[in-house]
Amino acid sequence: MADWNPELYRRFEAERTRPAAELLARIANRPVNRAADLGCGSGNSTALLLQTWPQADICGIDNSPAMIAAAQQRLPQCRFVETDLIRWQADAPLDLIFANASLQWIGNHEHLLPKLLTQLAPNGVLAVQMPDNLEEPAHRLMHETAAQPRWRQAMAALQNRDALPDVSAYYDILTRAGCRADIWRTTYYHVMPSVKHITEWFQSTALRPFLNLLEPHDQQYFLADYTDALHQAYPVQADGCVLLPFPRLFIVAEKI
């Protein structure tokens, strides 16, 4: 699979960083000496952790060489490790494991979250934010575009992202693992200059599995078909902009 594109991802950095900042606001008063940022990307969430706990040992984890390089350049005072999140193991107990828009790419949360919680020190916190938008038109239209006759054969190998468990399931997972659980859901309404910008938003994230199945010369045609479909689902507002509703699930679990 082609590597992530840090430049494309950062085009909407303010919007992508806001949920991380709001998650961090729930735990910012806690003492943190050692922290890990899972799926750190280009370092936007890691920078927030460093601003909050400047004396802490903070390590960013990502499986993208390009993202790790961008994060290291941005934050030379932090450590960064290139590895798969499923294989990652902390080398000592952590006060905080922070995961901003990363764990949704990994299935089997019934196993994953308890495994992460075992790596926390007593009273340590697992703080997670995940897009919960698979039922939104933007995602549904990705699959409808992929099902068109011109793309159907190329998309035969597409692997769908698993839907997130419901809130009650997460609560049970966390409390059974010996944690206090705080869970909430927020829908952001991002203001996009045009429908084309919705395509650009997802081109660096959710559209990657689709585009990686296509030859480079076909990718722009697929994006054009997808953008045409978006026009029906995302009407233009009175000021010429377009609203992108974006639901996200937040979890803070404190190890007792």
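Given the structure is predicted, the values throughout are model-derived calculations rather than measurements. As a basis for the values below, the full set of heavy atoms in this structure was taken, side chains included, without hydrogen atoms, waters or symmetry mates.
- Judged by distance alone, the side chains of Asp225 and Thr145 never bring a donor and an acceptor atom under 3.5 Å apart.
- Across Leu120 and Lys255, no two heavy atoms sit closer than the pair O-NZ, 2.9 Å.
- A distance of 9.0 Å separates CZ of Phe80 from CZ of Arg74, quoted to the nearest 0.5 Å.
- When all heavy atoms of Thr205 and Trp201 are compared, the closest pair comes out as OG1-O, 3.6 Å.
- More than 12 heavy atoms of other residues, nucleotides or ligands shown are found within 6.0 angstrom of CG on Asp84.
- A donor-acceptor pair under 3.5 Å is formed between the side chain of Arg34 and the backbone N or O of Pro93.
- Remark: Gln55 pairs with no residue by the side-chain contact (heavy atoms from CB on, under 4.5 Å) rule, at least two apart or across chains.
- The shortest non-hydrogen separation linking Ile68 to Cys40 is CD1-SG, 4.1 Å.
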Name each donor-acceptor pair under 3.5 Å that joins a side chain in residues 154-167 to protein atoms two or more places apart or in another chain, with its distance.
residue, atom, partner, partner atom, Å
Arg161, NH2, Asn133, OD1, 3.4
Asp166, OD1, Ser168, N, 3.3
Asp166, OD1, Ser168, OG, 2.8
Asp166, OD1, Ala169, N, 2.8

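- Between Val128 and the options Val252, Leu116, Leu103, a side chain to side chain contact (heavy atoms under 4.5 Å, CB included) holds for only Leu103.
- Nearest heavy-atom pair, Tyr188 versus Pro19, reported as atom, atom and distance to 0.1 Å: OH-CA, 3.5 Å.
- A donor-acceptor contact closer than 3.5 angstrom is absent between the side chains of Thr186 and Arg18.
- The two residues Ala206 and His139 have their closest heavy-atom pair at CB-CE1, 3.4 Å.
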task: List the steps, then state whether ring-ring contact (aromatic ring centres under 6.0 Å, His included) holds for Phe210 with Trp151.
output: CA-CA 10 Å; Phe210 298 83; Trp151 306 118; over 10 Å; no
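- With hydrogens and angles disregarded, no donor-acceptor distance shorter than 3.5 Å links the side chain of Arg176 to the backbone of Pro114.
- Arg152 places a side-chain N or O within 3.5 Å of a backbone atom of Ala147 that can act as its donor or acceptor partner.
- Listed for the Ser102 side chain is a donor-acceptor partner under 3.5 Å among the backbone atoms of Leu38.
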